[in-house]
Amino acid sequence: MDGRCAVETWAEFGVSGPSCSPRVKRGFGTNVLLCTGSDEVYVFTQERKLTAVLQFPGPVSDLVESHDKQLLYVACRTGVYCVSLQVLLSRAQSSPADASSNPAELKVSSESLVVAEEGVSSLLHVNSVLLTLTHRDTTWMLTLYQSSNYEMLTSSTVVSGLVHNDTERQTGRRRRPVLICVYCSDATPTSEATLSDDHFHLEPVLFKLLFGVDAALAKSPVILCGLPDGCLYFFPLRLPGSQLRVLHSLEQPIVFVGASDVVETGLQNAQCLVALGELGRVVLIRMDKGGDSRTSFIEGCVPGPVMCGCVDKSCLYYSTGSDLLVLDLSEGSSGREGQERNEETTSKTDAALQSPTSLNVCRVVALAEPTCNTAGEVQLLGLSVRGQLHKITLPVGREDARLSKVPSTQAGRSIRDLLSAIGDVCERASLLKTAIKSKNHILRHLNQVLNISFLLIASTNSEEHLPIQEKPIRCHGITSWNRLLQKDSLNLTCVLDNSSPYVLEQGWTLSVAVFPLSYPPTAGGGSSSTNFLFPFHNLHPGEKLEVSLPLAAAGDTSFPVTVSCSLIFSLTALLGEEAADLPGLQSSCISLPLNTLTVDWLHALQVNSPIATHQKATSQSSNTTDTIQAFIRSNRIRCGGRGEGGESASKPEREQYSASLRVLSELLRDTLVLKSSDLDVQGPNVAPQNVCLSLLEWLFCEGCGGVKMGHQRDNITLSTSVVHARAPNGHTVKLTAKEVNVGEESMRKEESLATVEVQVESLSIAAVCGLHHAVLRRIQTLLQRAPERAASTKTVQSLGLRQALQRAEHLQRQIDQSRISGAFGVGVSTGQTDRSLLSVYRVLRENPLLII
């Protein structure tokens with residue numbers, strides 16, 4: 001044949017079914033059993049005659065004959081069926097003579113069902129035991145049944161997920177797990193030992209080394225199971241309490257497991273186990289006789305993917321779908337003891353595994369056990385992807401192409417030394433790879449930290465020219481009142497916004513420091529600031545971090561409150577365990593300031609509905625001393641009041657304090673978006689009520705100082721230009737906005753200025769002064785938005801506004817200092833404090849600031 005294969009087509013059965021991979025098996029003497037994945041099993045003779053067709057209730061996944069060659073076990077969708085050979089032959093012989101060209105058809109009924117187990121993937125019959133392998137979700141279960149009465153003996157499970165590989169997705173066909181049985185060669189007389197495609201006799205020493213002394217002494221058959229997850233399991237059949245255990249892992253679906261004699265010993269027992277993976281990985285498991293008796297696992301890789309395989313005495317045959325290849329397992333693997341090892345033996349083994357010989361036969365999806373004819377030719381039976389059964393005859397004289405054998409002892413020692421060296425190199429490479437990966441992670445993390453640091457430092461240097469809303473990493477706050485255990489408290493939700501292109505990884509901490517405007521003196525005379533630390537992990541670009549912290553309890557008047565936000569990075573988090581070797585860096589941190597928030601009296605208000613606000617008058621008394629109240633009452637008597645001075649002197653009525661400021665209406669039209677959408681802001685006549693509503697809405701909704709009011713902004717009723725609220729100290733306050741025409745001495749009498757007056761009223765002087773100061777701060781922000789055409793006027797009035805802010809802030813400090821001094825019995829003189837407070841308050845009340 002001149003080195004070429006002869007391919008002879010015996011029959012054509014059509015396209016294989018998509019249920020399971022097809023199976024070609026020699027059985028019942030010279031007959032060939034064939035299942036294509038459909039619900040039919042074909043019985044074919046060596047004379048190229050189809051004698052019988054067995055029809056089952058569902059697609060056939062596997063078939064196996066009994067050890068006495070009398071029964072056929074078939075696994076399909078509903079369970080395992082048993083068919084007698086005598087019934088099959090009698091049915092075939094009873095066919096009419098004129099229908100000899102047509103096979104006998106046998107429909108298998110439910111009476112032949114022996115094991116009612118659904119989903120059986122593989123079968124194996126060993127002596128008087130029937131084994132089934134079933135897949136359930138992520139568990140494979142190996143079950144043993146007594147073949148005489150089909151009573152379940154035992155079962156063993158292993159958790160192993162089914163691997164969905166590319167071949168299964170393309171073909172839609174499930175990969176059948178591999179089940180074979182391995183005997184120790186001294187367990188059965190050699191005359192009775194018959195090797196088949198799923199039963200092998202293994203050399204005793206190799207059997208003992210692989211499966212243990214107990215299995216060898218008990219002369220127990222061992223079941224080898226190759227699953228689609230890539231693991232090769234073994235199960236001693238006669239040992240009590242046996243379970244599936246892993247022998248080796250190919251890390252890819254196992255397609256074939258067999259045994260071969262790769263050493264020229266003259267024995268008929270297999271010296272090597274062969275496992276072949278779907279992607280081409282192959283492992284040879286054999287005994288290394290170089291010195292101590294131990295097993296060696298030789299791994300290699302052949303061209304894939306692998307569709308099917310079979311093995312004879314020294315060769316492995318497998319199909320990739322596009323070609324049929326043969327791998328000489330004896331190349332570079334044999335040798336004699338006592339000879340020195342050399343590199344040539346190892347190179348021959350690698351070359352043999354990596355360079356199989358092509359037989360130029362394509363589209364083979366199933367192979368049967370190889371046989372030899374009288375002329376010494378190796379014959380294979382293969383099923384093509386189109387359902388054609390081929391007889392493939394290999395050329396004679398392939399032994400001449402083999403190189404001289406190397407002693408097995410030298411080959412084993414060379415492989416052992418090579419594997420040991422590879423193991424040492426792999427271990428060192430793994431350690432170096434881990435160290436390099438750790439260093440790269442630290443350098444990448446450090447680069448992120450440096451980039452963020454430079455970004456925040458540059459932002460801080462240009463803080464005067466860069467608004468808070470445009471900073472790459474910034475904070476803003478939202479105030480809200482919460483009630484816990486019948487006690488109200490003001491909380492601040494601080495939101496960290498990462499608008500930079502960098503990730504704030506592990507090691508960063510958000511630091512929030514709270515500084516009240518006025519506070520009681522501490523024992524050490526230091527500041528009463530409170531610091532809050534919030535560690536976080538992996539804040540990506542565009543993400544936000546929200547943290548909540550308490551600001552003040554009900555009754556506290558330490559407003560405004562300054563909230564300073566910053567980012568802190570710990571070098572210990574960057575260096576990890578390496579920081580322990582650097583004592584100076586264990587407590588080192590990087591602190592980067594972000595921005596400062598201010599919470600004033602307007603942020604701390606609890607807005608009520610306009611109705612019945614005065615009916616909820618607080619029961620708390622004013623913090624102003626009795627001297628201040630007496631002075632104010634006497635001042636009202638001198639001013640005349642409303643013509644009822646004598647009556648006022650005798651009434652114990654409390655003083656209603658108020659403060660106001662006026663803003664030019666034209667300034668509001670130029671800087672605010674009015675509430676009414678149909679209002680022409682360019683027109684000369686503007687509805688006063690709308691300007692007042694817009695100003696009040698802006699005062700409450702504007703995020704002055706980087707802080708906004710929380711959900712209670714939705715409760716603000718702006719149908720009128722009056723807002724009633726409750727101050728942090730418990731007193732009721734009233735904010736009113738109304739249109740007022742103001743005339744000036746430099747103008748003609750008929751001319752006047754249209755202004756909006758904002759008035760704050762309350763029974764608490766502290767609440768009036770605090771809210772007046774908060775309104776002034778917002779008006780100062782409003783002036784910064786004024787058009788450039790009013791630059792000169794704006795500059796002059798800004799100076800006046802700063803002076804008013806200083807006076808308001810000075811008044812609030814005096815009020816809080818008076819309250820603190822009264823509480824602790826220390827401080828300045830009461831008379832001096834009272835005179836200062838009243839003088840400043842009288843200026844605020846009698847001379848409202850006009851902003852034009």
Side-chain angles (χ1 to χ4, degrees), residues 1-13 16 21-36 42-50 63 65 176 178 180 194-200 255-262 270 274-276 280 282 302-330 356-399 401-402:
M1 287 177 286
D2 299 331
R4 297 181 63 86
C5 294
V7 180
E8 182 182 2
T9 301
W10 279 12
E12 185 171 353
F13 299 95
S16 301
S21 53
R23 186 76 183 269
V24 180
K25 184 179 180 66
R26 298 183 185 272
F28 299 145
T30 60
N31 293 323
V32 177
L33 303 177
L34 176 66
C35 65
T36 62
Y42 305 97
V43 181
F44 205 81
T45 64
Q46 293 286 356
E47 291 77 17
R48 300 173 55 181
K49 179 183 179 182
L50 180 63
L63 52 86
E65 61 180 351
R176 178 190 300 108
V178 181
I180 68 169
T194 303
L195 297 180
S196 62
D197 58 349
D198 52 13
H199 293 266
F200 301 94
V255 176
F256 172 77
V257 179
S260 174
D261 181 13
V262 297
V274 182
L276 185 60
V282 59
V302 297
V306 178
M307 303 295 294
C308 57
C310 62
V311 67
D312 63 2
K313 183 177 181 180
S314 59
C315 293
L316 172 66
Y317 307 92
Y318 71 96
S319 172
T320 63
S322 60
D323 197 2
L324 183 62
L325 304 172
V326 57
L327 181 65
D328 194 347
L329 300 178
S330 63
T357 303
S358 174
L359 299 179
N360 297 317
V361 180
C362 63
R363 306 178 70 83
V364 176
V365 295
L367 287 172
E369 177 187 2
T371 59
C372 287
N373 57 13
T374 56
E377 297 174 333
V378 177
Q379 294 180 343
L380 301 175
L381 284 179
L383 182 68
S384 70
V385 71
R386 295 182 178 179
Q388 295 175 340
L389 182 62
H390 297 300
K391 178 182 178 181
I392 306 170
T393 305
L394 275 62
V396 183
R398 297 185 66 254
E399 296 289 336
R402 297 180 182 176

SG (Cys310) and CG (Leu316) are apart, to the nearest 0.5 Å, by 7.5 Å

Q.
Run the side-chain contact (heavy atoms from CB on, under 4.5 Å) test on Leu325 and Leu327 for me, step by step, so that the C-alpha distance in whole Å, both residues' side-chain angles and the decisive distance to 0.1 Å come before the verdict.
A. CA-CA 7 Å; Leu325 304 172; Leu327 181 65; over 6 Å; no

Closest heavy-atom pair, Gly309 versus Phe256, reported as atoms and distance to 0.1 Å, is O-CD1, 3.3 Å

Closest non-hydrogen atoms of Val378 and Pro370, given as atom of the first, atom of the second and distance, are CG1-CB, 4.2 Å

Separation between CD (Glu12) and OG (Ser384), nearest 0.5 Å, reads 7.5 Å

Closest non-hydrogen contact found for Tyr318 with Pro356 is OH-CG, 3.4 Å

Here the gap from Arg363 atom CZ to Leu383 atom CG, rounded to the nearest 0.5 Å, amounts to 11.5 Å

The single option from Thr371, Leu33, Asn31 that satisfies side-chain contact (heavy atoms from CB on, under 4.5 Å) with Arg26 is Thr371

CG of Leu380 to CD of Glu369, rounded to nearest 0.5 Å, is 10.5 Å

In terms of heavy-atom contacts, Thr393 and Glu377 come closest through CG2-OE1, 3.3 Å

- [ ] Given side-chain contact (heavy atoms from CB on, under 4.5 Å), test Gln379 with Leu394 step by step and report yes or no.
- [x] CA-CA 6 Å; Gln379 294 180 343; Leu394 275 62; over 6 Å; no

So, Thr320 side chain and Val306 main chain: donor-acceptor pair closer than 3.5 Å or not? no

- request: Give the C-alpha distance, both sets of side-chain angles, the deciding distance and a yes or no for side-chain contact (heavy atoms from CB on, under 4.5 Å) between Phe44 and Leu34.
  value: CA-CA 8 Å; Phe44 205 81; Leu34 176 66; over 6 Å; no

Between Thr9 (side chain only) and Ala11 (backbone N and O only), is there a donor and an acceptor less than 3.5 Å apart? no

- Query: So, does Asp328 use its side chain to make a donor-acceptor pair with the main chain of Cys315 at under 3.5 Å?
  - Reply: no

Value for CG (Leu50) from CH2 (Trp10), rounded to nearest 0.5 Å, stands at 12.5 Å

Distance col, row Leu324:CG vs Cys308:SG, nearest 0.5 angstrom, shows 7.5 Å

Verdict with supporting geometry, Leu329 and Val311, side-chain contact (heavy atoms from CB on, under 4.5 Å): CA-CA 10 Å; Leu329 300 178; Val311 67; 4.2 Å; yes

